[in-house]
Structure formats: structure tokens, C-alpha cells
Amino acid sequence: MLHRRLIRDDARGVGEALNETVCISKKCRGLTIVGKYYLRIDPLGEGARWRRSFGQEIYSPLLVAFTEQDGHDWTKLHVPTFHGMDPSYNLPENVAIITLQELEDGKALLRLAHLYEVGEDKHLSVMASVELKKVFPNKKVGVVVEERGGVANVMIGLIVVVVVSFGGAFGENVESKYIKYNTTSTIVPGKLNVHLVPHSHDDVGWLKTIDQYYLGTNNTIQAFFQRWWNEQSEEIQSIVKKLISSGQLELINGGYCMHDEATSHYIDMIDQTTLGHRYIKEQFNVTPRIGWQIDPFGHSAVQAYLFGAEVGFDSLFFARIDYQDRAKRKNEKSLEVIWRGSKSFGSSAQIFAGAFPENYEPPSDFYFEVNDDSHDSPIVQDNINLFDYNVPQRINEFVAAAVKQDGRVNALYSTPSIYTDAKHAAREAWPIKTDDYFPYADREHAYWTGFFTSRPALKVYVRVMSAYYLAARQLEFFKGRNKLGPNTDSLADAIAIANHHDGVTGTEKQHVAYDYALRLAIGYKECPLLNISYCPPSEVDLSNGKNLVIVVYNPLGWTRKDVIRIPVINENVAVWDSSGKEVESQLLPLLDVSVAVRKYHVKAYLGKSPKTRPSYWLAFSATVPPLGFSTYIVSSSKSAGATSVREDYKSESRKDGTIQVGPGKLKLIYSGNKGNLAQYINSKSLVKESVQQSYLYYRGDEGNQTVNPQASGAYVFRPNGTYPIKSDNKASFTVFRGPLLDEVHQRINSWIYQITRVYKEKEHVEVEFLVGPIPFGDKIGKEVVTQITTTLKNNKTFYTDSSGRDFIERIRDYRKDWDLEVNEPIAGNYYPINLGIYLKDDSNELSVLVDRSVGGSSIRDGQLELMLHRRLIRDDSRGVGEALNETVCISKKCRGLTIVGKYYLRIDPLGEGARWRRSFGQEIYSPLLIAFTEQDGHDWTKLHLPTFHGMAPSYNLPENVAIITLQELEDGKVLFRLAHLYEVGEDKDLSVMTCVELKKVFPNKKIKKLTETSLSANQERTEMERKRLVWKVEGASEEEESKVVRGGPVDPAKRDLLDISPTLTEASGAIIDDSFTRCFKSNPPEKWNWNVYLFPLWCLGVVIRYFFLFPASFFVASWTGVVKYHGPRPSRRPKQVFVANHTSMIDFIILEQMTAFAVIMQKHPGWVGLLQSTILESVGCIWFNRTEVKDREILTKKLRDHVQGAENNPLLIFPEGTCVNNNYTVMFKKGGAFELDCTVCPIAIKYNKIFVDAFWNSRKQSFTKHLLRLMTSWAVVCDVWYLEPQNIKPGETAIEFAERVRDIISVRAGLKKVPWDGLLKYSRPSPKHRELKQQSFSESMLRRLEEK
């Protein structure tokens, strides 16, 4: 066998086929072999002599060397012949020298080999002797090891090793020295300075898991600096710190990983960057100043301004931009730009940005990281002890290549900071970039837009855990962080790692994706499979008297009302809030398709089958305060809850007509004969639009070696045909109707199921899809898409979000920066979507929001599409080395992955869609979190805190602001991030600066200091701004200044209106005439709607009220009342006092019906005073005269004595001190209830004015007239809530305590708070004085606005 060339590896570890090639300029062909062999025929027994002697000559051929003769007789000037041994001596014919080597200290190593075996040759298979003195005639042989009298005896078949010592060395030692190059980082003016930047590249998982890379055999490509650093000795750490201090080692980018920019949400990007930046600050007191995003697959505008300028970076470098864009920029020398990624911030958040000319690879001859086995690009080997040491050679080659291009080249070792400073020092103007670098294609037909959707289950898991992490840090702050654990640190690490650019992207190997998911799963146990209706805590049997307690937490800064859905096994259930009020609920059946998904995947993921099978989804309406929680109780009831009404439709049974769905203002109209969505109608916004929704799949291209080898894979989306998916059930569907929502169930085919929900109190459509397992039997890869089609004329234009934050305009088949050559009309128009996508025309906007990162586009006008799932049969040759074929297995039997997800649809009038996209988009990112426990027979709400307000109970953040970080740091500090949700001009009302009252955000904390920092919280913002480099932009004038208005902490010296103290002045009544006066205005009776038909009924009512009800009421001195009491009833205990809002003296009578209260009341004259001094004193009531100071002192002593007595009736106080009209609450007096050092029990009273206004306006009406009005009405209707007891908190003043209790009562009763003392109604200023003060106040306001 002379040669071999094979096409397969033999699976023995080498991992590649035996296919040797020879290449010229990367054009290769198979290796050609030139060789010899030798032939001879001898008589029997005589062939051994030739084989041995000539075989030795083949192994050791004659060596030749050449030179040229220069005219002289060369042989006279040089030694023409040389004898290493004695000229007359030859070794025996059967002996060969196989080693002659100089050793140390004048020694030599000599190996002699006997060439023959025993019996091989009758003459030469004998022992032979070698005379060493003749072998070394010119040396004095000293000591010979293995020597016998100066003769080496060589036995048959043996190799004799001889060490010979000589009197002197063979020759002088020769030391080879290379040229010493100058590695000092020095820029030479007037030359082309080439910066050599050695850098690490960190893949925290891709082909291997993060741990396998770090600990395994392939850990050389990783940085993993934090892990490595923690394992080093103090000595090594000291060396590293010196290198960093000197600038020889630079820490750039500095995040926990190099996050993705297409599929990562900006909040996740902030968190992981902060994690790394704060660690670097802590360990090295360094703030990274260079962005280094060299491997993500396209680059977002949010990266440029949030994770560039806003973290203090001076420059941002990246690699992957579209191949057409790169070619144009290389030709124009515009790879480096000033990137203004934000329309809102403009030049104030711009950054110097540079794209590499060849991805992040070095010049072609120096691409040794990948081509380390190539002779075209040998590795730079700096280990002098290795055979291939070549540092001098490679440096010479680099310099030669540089000189060949430009003789003015100066090469220097450098860092990104040195390079950035050199660019800035040049004072040149740079071209501007304003959008992003999506989508990315690295060559023709190769758009990296498939990874926008790849591994959709992992994508939603990252999103769910990100929301959980945001809320968990808030709760950790409220409870107090436990440094020793458990805490949120491990979850922070897991989310940061998963947002790596080969993590959430879905471009890793399958076992690495499992590792990411496993890390995320640790510590999250509260119903992680709720999306497939599996939640053991909610699936308890309530028929035996158990109650299910559900705590619902709201991580957003505004009050939320939403529908909670949980699986239950009982039908006869009801839901109650913590005050004992029944909450509206609805039961929806759990259908077989959901049960099948639940059963299979629970077994696959948990290794066990579910013990129970729920029959229903229980839906109920929950209202939760900002940064707070509410508690709900699910218990058995005598009858079934509000069961959904089922309606089944088939196209054959309804040839014509329509089906209307939706219990509220939003209606969806379905076609009766086709069974599909036909129309969207919103009676509130008056939107009426034709809408259709459908499914299709793109066939994934498998590549063709003769035409184009590019296949569709984990990275690349390359469709090869469009295939609409038709319904298997002839357009049949089922509708479930109920009080909270309607559901439309549609089985599209055997592997797609859809539920469309329309809620009573919401104006959008929720679509839940179940896609999978995608069939694979036909060996066709499928990329599944849903399309929403309308009649909107958007003229090729649509909008997608940038990393979940800003929206960017997209135009089909168009790029702003170059003339696009369209070779993939579908894939080339796909963009990443983290928040949503929308389009608009002259009348309406169509918006779609998503629950995870997906790819989407508008391929045709009026239409939006989302890619929901992918399953492919080929790898796309971008390194991952396996097809995107996700499966779920039970006992090694596998089937394709099923995806359950949601998207949300809404159509608004033009200009009104942003409000929904922003507010509801934030609710999608931060859903309500639920936790469960069981009630053990006691009243759970009495033993636990049923409601919690993290912020002041009456306060909500402005609608355009969201809390994206609330995290406890060290030393009592808190990291607090607020995000304005709107861009400039996005909404006419909400795209404005707003203010947040931090004292109300942190009502239970004393704020000592506010410090605004960089986005990653590793430096103060003022310091960051001071250091920032200012760059010139082509076409901009030197005087151009940013007019962007930025927010920040309010300067105490320039107090904002929101910070004005509620302290009253003598003319406060004049200044606040509106808000104060309204507190004491009676509600005028509604005008009678006179008509001839209702007049007899009105007359009958007058007769009944005045001739029957009034005499009866007067006789027993009472009136008719309909009162509903909520919450636990008051009990007699020491050291407690009850407080309530005050509308009329009848408040006391209503409360007295349930408990004998001792009330604190002002002395009244007349018959009311008589009742006070006789009947009411018997229950321990206490009277005072408001005008007598002495009475106040006596009253305080009486109050303290009363609350100490265990047998005394509970004490009731109305701290407003006057009657208010039950629409407002005025200031609660600190005296009395809030200075008694006892528990305060709030009571909220809310009157329904359907029959009579219960407010007693004492300035205009006597109590007698007021009482007569009540007695002649049909009834007094009201609700009374007994709320959670409160105690004064450490450091809280009596005034703050009173205000906090007022907040609680106001929220519960739905009353508006005003900061005025109610007693001002008795001392109102004159009209003239009021006018003067109003004028003064308006002038002050105008001055403040002009200052702004």
C-alpha cells in the first residue's frame, strides 16, 4: 500500500477523515506521493547480508551540501576530506553506529547496534568487537562505561550503550541569540501605527458547559477571570494587581459574560453588567472604560447608549456586522463611527464605535487561533523549549507584511484604551450611526435571524427567572438580606450566565442548554410547571374543610388588577379577599389536550406522574398594591363557582353568520362558515378592523453543495418554501363564556392548538399557543410562524423594539446605511423582538407584544408575523456541530419539544398604542408572583400579614416610570433604578419628564443621602461625566450642544413642587380653595327624571317614605340601614384604640351595632348633649370641649387610663376631628390615638349615596335636620372594613404614624387624601385675602416653570 485517502473517520478519537491535501492560496488538492522501493533476488540463505547492510544505507543516506566557488581554488582554502575515525579502520560489517552525541562535561554518548539476529547469517550472526580508540582517534579516552579493555563487545541482536569521557570538549560552546525587539507601547507620529492587542475570549458555555470549559481539556480559550482569580495565591494576585495598575493588563467590557444583544432583555443586560463591574471595582478599584462585544451576532442600539455611554465607556468595539455593510464601510474607510443609539438622548449618549475589518480574526496569515495546523498561519510559539518556537520568525514576518503595505508602519503592543486615546487625540471628525446592526449576515443567503427564536423554551425560562430575580431582590430588601444565605446571589449568577451570547440565543449544544436550564431551576420551586397546568400546591382537595391561601405579589410601582389562573380539582369553590369579601371568579374546564401535555412533560421533567388531575382552571380577579402583596383564600362552597358556558361550533352547522366573543368593550368576531377570526371591534376606542390570524411553516433549507451549501440551523434562517397550515377539524372551535373572560379553543392540526382569550376589563387579545411536537417523519425541517393580517396600509414600514426598550423603524428590503442587495426576502427582513412589534397607517396601529424573545417581521403590508418554534435536520456550519432538534424523553423514548407560549394583540387609534405597549409590556416582563399555603383551621389572616405596602399606601409611581432594580447593598445602601418607559415624542402625554417622591417610595426608611451613579453602579455619575471623552461628528459644528433634558435627584436647594411640605399657612385655605372646599360640599340630590310613566311610582314612594317608614323610624328613633361589615370583628383588649374616617355622627351608631365602643366626642348642646350625658356615658364614652385647653389635658389622661383597662369597651376615635363628605380624608390629628403607645386598629367607612348622602354639613344644617333627612330616605347604605392593626415603627413620629394609618383607610374606602386640617373650615379667610394669595401663588408658579 503506497498511499491512502479516506472520507470517514474510524471513530477512534482523531475526529477527522484521513484526507491529506496540498494548498495554494487556499485552493487545495489531494497529496501526491513520490517514493522508492528496492528489489533483489539471492540464493537461499544469502539475502540477509544485503537486507542488513543496504537497509542501513537506506536509513542513513549520504548527505550532500553545496556552495559556489568564487574563482579561487576552493580545495586549497578548505579541508577537502575528513576522517572521523582512524583512516584505516572500519567497524565490523555486522555493527552500526546509531547514536553519537556530545553530553555534558566532556562526555559522549555512543550507541552501537548489532544488525543481525541469531542464525540469520552463518558468518555475521556472531559477537563483534569495536576498538573505541580507533573510533575516537583524535580524543583521549578517559573513562568508558560498559567497556572491556578499550573494546566494546557487541552481542548478537543487542544495542550497546557506551558513555565515553574525554580529556576535552568537542569544541567551543556556541550561544544563539536573537534580535531583541522593543515592546514598549509607543505611538510614533507620522507613521501608520499598528496596534497589536492580545485579548481573551469568554464563552461561558457553547460546545461545552461552563464547568466543562473551565475544568476540562479545552479550557484554554476561556477567560473565566473571576473563577481563576479566586483560586490564586496572594502572591499571584499581587502580581496581577501590579499588571493592571501599570496598564499591561486591562479589564474591558467587565460584565459577568459577553451578553447577547438580540435576545437579551435590557434589564438582564444591566444586571449582568452590574454584577461584573461591581466585582471589578471591589477587587481592583477599576472602572472599565471600553466596551468589547466582539462575538454577539449583530448589535443593538440600546447596547450603544445604555451599555456604552451610560456605563462610562469611551468606546465600543465589535465584530459581526452584515457582510454588505462591512464591504461598503471598508471601501469608504467608515468602519469606525460615532454611534448615537438613542433618539431621546442624542449626542449626550453617543459613543465612539468600531467594527473590525474581518470579524474578530487577525490578518489572514496570523489566524493561528483557528488554523493552528495550517502552514499558512503557524501559531506564535513563545516556549523556547519547544521544537516549533518561532517568535522571532513570526515578528519578522509581521513587520515584513506591514512594511510591504506601507513603509511608514510602526507596530506596537497595545490595549483598547491606548487605541481609543490615540483615536481621540487625532481630533478627527467621524461619520454618525443612528440605528442598529440588525439583521446580520456573514455571507450571501446566510442571515443569522434564526437564533432570534431558537430554543424558545430556554428563552422564556430566562425571561421568567429574570422577572423572579427582580421581585426576589425587592422582597430581600424588605425582609433584610441574609449574607450567609439563602439569598439571590446564585440566581444572579445563573441569569448572567444564561444571557451569554451562546446561551439565551439558543446556539449552544443541547447538553449545554440543559445545563443553563438546570442552573436557573435551582431555588425556584413555586409551581415552575404552572404553564402546563401542573401546580401541586393549588391541586389540594378543599372538600374536607381545607382552605387554600394565595399570596399575590406585585413587583411594579403602580396598583395592578389582573386575573389569576390556577388549576383546581374541586368545582364547588369560592375566592375571598383578606377582608372577607367574596371575589368574582370563574371556572374553565381543563381539556384533554392540556391534560396530555401536562401528563407527559411532568413525567419527563420530574420523573414521576402527577398524583392528581385537576378538572378546572380557577380564574379570579386580584388587586395588588405597588411593591406589595394581597392575600386571597380559596375555600369550598355549597354551590359551584361561576362555571364557563360551553358553546361548540362547526362550519357545516353555520354556513353564514358570525360568532361574537368578549364580555367587555372588546369584541372579536369569528366567521360562521370559515371558523376563523374576522373582525376586531373596540366600542370604547371605536376601532373596527378586519383581522385574520393563521399559521404556516417555512421549510428549512438543507443546503446544496453544487448551488449553495448554506442550510437553515440554530443561527441561520434560510427558508426554502412557504407552506400554509390548514385546520384538520374543518374550522370547528369551542367557546367558553364567563363573567371574567371568554375563551376560544381551536385545534389547528394534530400538533398546533390555540386558545384566544378576551377579558372583560382589558382591551387586548391574549393568544396562547401550543406548538409541537413538530413532525419530523418527512425529514423536512420546519420553522413555524403565526401571521396576523389586517387591512392597514403601512407602506413596508414597521417597528420593532431594541433589546426590549426603544422602538426602531424598519423598512422592508431596505437598509439606511447601504443599498441592500436582496437575496433572502424573508430571512433578510426578520428582526429580534423582545417586547413587541407594531405597524400603523393613517388611522390605526396594530401592536403585538411577546412573552419571550422571538423573530418577527412584516413581509406584506398590513401583516405581522412571529416565528414561534423551529425544528431542523441540518447544522448550519457555524460551529455548534449539531442540528437544532430539541426533544423531550421518557425512558430514552424521545419526541420533539412542545412549546407553550403567549402573545398579545391590540389595535388602537393612531398615536394611542404606545401607552398600552409600554404599560402592559412592563406587566408582561414583571408578572404578578403567586405563592401558596394551606389554612390549618385558624383564620390565616389573623396570624399573618394579609396585605403589605412597600410604598406609601396612597402612592403610585407615575404611569411612565418603572422600577427595574430595588436591591439591598452593603452598609445599609440600596441600589435603586428607575426607568422612564417612553421615548421622546412617543406619547403626547407621557413622553415628558416626571418626578418620583422617594419619601413615599421608602415610607419606612429614613433617607440620609442620594447618589446618582453610572448605570452599572460602579462610579458616581458626576465622576463618569467628568472623565468622558467628547468626540467630533462629521457635519456638526463645534458649538453644537445637546439640549436633552435629563432627570436626577432633586436639589434640596431648589425644591420641586412635589416636595412642598403640607404645613399650613394663614392663607392656606385661599391657596387650595378647590381641594379644601370640596371636602365639605354636600352632594346635591340627583334630579328627578320626570315622565308620565314613572310619576305614579314616585308618588307611591313618597307615601311609603313619609307616611309609613318615617313614623315607624320616629317612634323607635331609628332609620333604615343596609350595612355590610368586612373583616374580623373588634374584640375587647387592653392597649388598643380604633380609629375611623368621619362623615356623620351616625358613624358611631353604625359601628356600635357590632361592638359596644367607647367613643371620644365633642360636647354638643340640646337633645344630643342630653343623650351624651345619660345613655352614652354608660358605655364609657369620653367628652371634651374643643375650645378649652384644660379639657384637652384632662382628656389625654382619661384616654391613657381607658386603654390600660382590660374590661373597658374598645375606644373609638375619629382623628379628623370633623365631618368630611366621604369623598376625601383630611389630616389625622396626632393627639389621642397616635400618642398613646398602643395598637391602632383602622376602620374604613364608605357610604353609598344611592338613596341619601350621609354627610352631615354642620355649618349649614343642624343634626336634627340631618337625622330627619336620613329617616325619610329609603335606607342608609354603607360598607365597613375592619383593617389590619398597626403599631408605630422604630423612628416613626406620631405625625408619620397618623399619616400612614390615614393612607390605609383612604385606599380601602376609595377616598382621596388632601393635606389640610379639617378645622380650617371654621376659620376661612376673606374673599379679598384669598384672591391676593391666589395671585401670589400663581406668580410663584410661573417663575418656577420659567426656571424649568
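None of these values were measured; they are calculated from a predicted model.
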Examine distances only and state if a side-chain atom of R320 and a backbone atom of G298 form a donor-acceptor pair shorter than 3.5 Å. no
Within a radius of less than 6.0 Å around CD of E235, do more than 12 heavy atoms belonging to other residues, nucleotides or ligands occur? no
Correct closest heavy-atom pair for F297 and Y440 would be O-CB, 3.8 Å
For E104, does the CD atom sit with more than 12 other heavy atoms under 6.0 Å from it, leaving out its own atoms? yes
Check this for me, if you would: do D442 and R878 make a salt bridge, where the nitrogen-to-carboxylate-oxygen distance has to be below 4.0 angstrom? yes
Heavy-atom check, side chain of L335 versus side chain of I321, under 4.5 Å: yes
Partner set under side chain to side chain contact (heavy atoms under 4.5 Å, CB included) for P431, not counting sequence neighbours: S334, V337, E1034
Heavy atoms from other residues, nucleotides or ligands near CG of D819 exceed 12 (cutoff 6.0 Å): no
List the atom of I97, the atom of L100, and the distance in Å for their closest heavy-atom pair. CG2-CB, 4.4 Å
Would you say that more than 12 heavy atoms from the other residues, nucleotides or ligands in this model lie under 6.0 Å from the OH of Y38, or not? yes
Do W229 and Q237 pass the side chain to side chain contact (heavy atoms under 4.5 Å, CB included) test, and can you show the C-alpha distance, the side-chain angles, and the key distance before you say yes or no? CA-CA 7 Å; W229 175 258; Q237 288 185 347; 3.3 Å; yes
Answer yes or no: is there a donor N or O on one side and an acceptor on the other, between the side chain of T21 and the main chain of R29, under 3.5 Å? no
If you apply the rule side chain to side chain donor-acceptor pair (under 3.5 Å), what do you find for D876 with Q710, and how did you get there? CA-CA 6 Å; D876 54 11; Q710 184 58 63; 5.3 Å; no
Determine the minimum heavy-atom distance between G47 and D42, stating which atoms define it. CA-OD2, 3.6 Å
Can you measure from CG (L110) to OG1 (T99) and round to the nearest 0.5 angstrom? 8.0 Å
With a 3.5 Å distance limit and no angle check, can you tell me whether D121 reaches the backbone of L124 through a side-chain donor-acceptor pair? yes
Among all residues two or more places apart in sequence or in another chain, which pass the side chain to side chain donor-acceptor pair (under 3.5 Å) test with H299? E261
Lys/Arg N to Asp/Glu carboxylate O, E358 vs K330, below 4.0 Å: yes
To the nearest 0.5 angstrom, please state how far the NE2 atom of H123 sits from the CD atom of E46. 8.0 Å
Heavy-atom pair with the smallest gap, counting every atom of I252 and P416: CD1-CG, 3.8 Å
So does V188 get a backbone contact from the side chain of N193, meaning a donor-acceptor N/O pair under 3.5 Å? yes
Measure across D875 and A711 and return the closest heavy-atom pair with its distance rounded to 0.1 Å. O-CB, 3.8 Å
One pair to check against side chain to side chain donor-acceptor pair (under 3.5 Å): D203 and H501. What are the steps and the verdict? CA-CA 8 Å; D203 277 337; H501 61 267; 3.1 Å; yes
Side chain to side chain contact (heavy atoms under 4.5 Å, CB included) between V197 and Y419: does it pass, once the steps are laid out? CA-CA 9 Å; V197 182; Y419 181 80; 5.7 Å; no
Using only atom types and a distance under 3.5 Å, with no angle test, would you say the side chain of E120 pairs donor to acceptor with the backbone of E117? yes
Do R52 side-chain atoms and L115 backbone N/O form a donor-acceptor pair below 3.5 Å? yes
How close do Y89 and S129 get, heavy atom to heavy atom, and via which atoms? OH-O, 4.1 Å
Less than 4.0 angstrom from a charged side-chain N to a carboxylate O is my criterion; do E882 and R874 meet it? no
Residues forming a ring-ring contact (aromatic ring centres under 6.0 Å, His included) with F356, sequence neighbours excluded: W292
Would you please test E57 and Y59 for side chain to side chain contact (heavy atoms under 4.5 Å, CB included) and show each step? CA-CA 5 Å; E57 292 179 11; Y59 181 81; over 6 Å; no
Would you check if the side chain of W50 reaches a backbone N or O of A48 as a donor-acceptor pair within less than 3.5 Å? no
H114 side chain vs V95 backbone, donor-acceptor pair below 3.5 Å: no
The side chain to side chain donor-acceptor pair (under 3.5 Å) partner of D817 among Q324, K328, R329 is R329
Test side-chain contact (heavy atoms from CB on, under 4.5 Å), reference E20, set I33, L31, L6, T32, output is L31
Residues which pass side chain to side chain donor-acceptor pair (under 3.5 Å) with N708, listed by chain and number, not counting sequence neighbours: none
Tell me whether N138 contacts the main-chain N or O of G84 through its side chain, where contact means a donor paired with an acceptor under 3.5 Å. no
Would you sort out whether M258 and Q293 count as a side chain to side chain contact (heavy atoms under 4.5 Å, CB included), showing the intermediate values? CA-CA 6 Å; M258 187 183 291; Q293 290 287 110; 3.3 Å; yes
The reported gap from CG in L91 to CD in E131 (rounded to nearest 0.5 angstrom) is 10.5 Å
Within this structure, what is the CG-CD1 distance for the pair D421 and I187, rounded to the nearest 0.5 Å? 8.5 Å
Verify, without hydrogens or angle tests, whether N823 (side chain) and H445 (backbone) share a donor-acceptor contact under 3.5 angstrom. yes
What side chain to side chain donor-acceptor pair (under 3.5 Å) pairs are there with at least one residue in residues 1-10, not counting sequence neighbours? R5-N19
For Y437 and F318, I'd like to know if the aromatic rings sit close, meaning centre-to-centre distance below 6.0 Å. yes
Sequence neighbours excluded and cut-off under 3.5 Å, please list the side-chain donor-acceptor pairs for residues 239-247, or say none.
unit_1, atom_1, unit_2, atom_2, d
S246, OG, K242, O, 3.2
S246, OG, L243, O, 3.0
S246, OG, Q248, N, 3.4
S246, OG, Q248, OE1, 2.8

Is any NZ, NE, NH1 or NH2 atom of the basic residue among E102 and K107 found under 4.0 Å from an Asp or Glu carboxylate oxygen of the other? no
CG of N94 to OH of Y116: how many Å apart, nearest 0.5 Å? 7.0 Å
Between I290, T415, L316, which is the residue that forms a side-chain contact (heavy atoms from CB on, under 4.5 Å) with T420? I290
For the NZ atom of K133 and the CG atom of D86, what is their distance to the nearest 0.5 Å? 12.5 Å
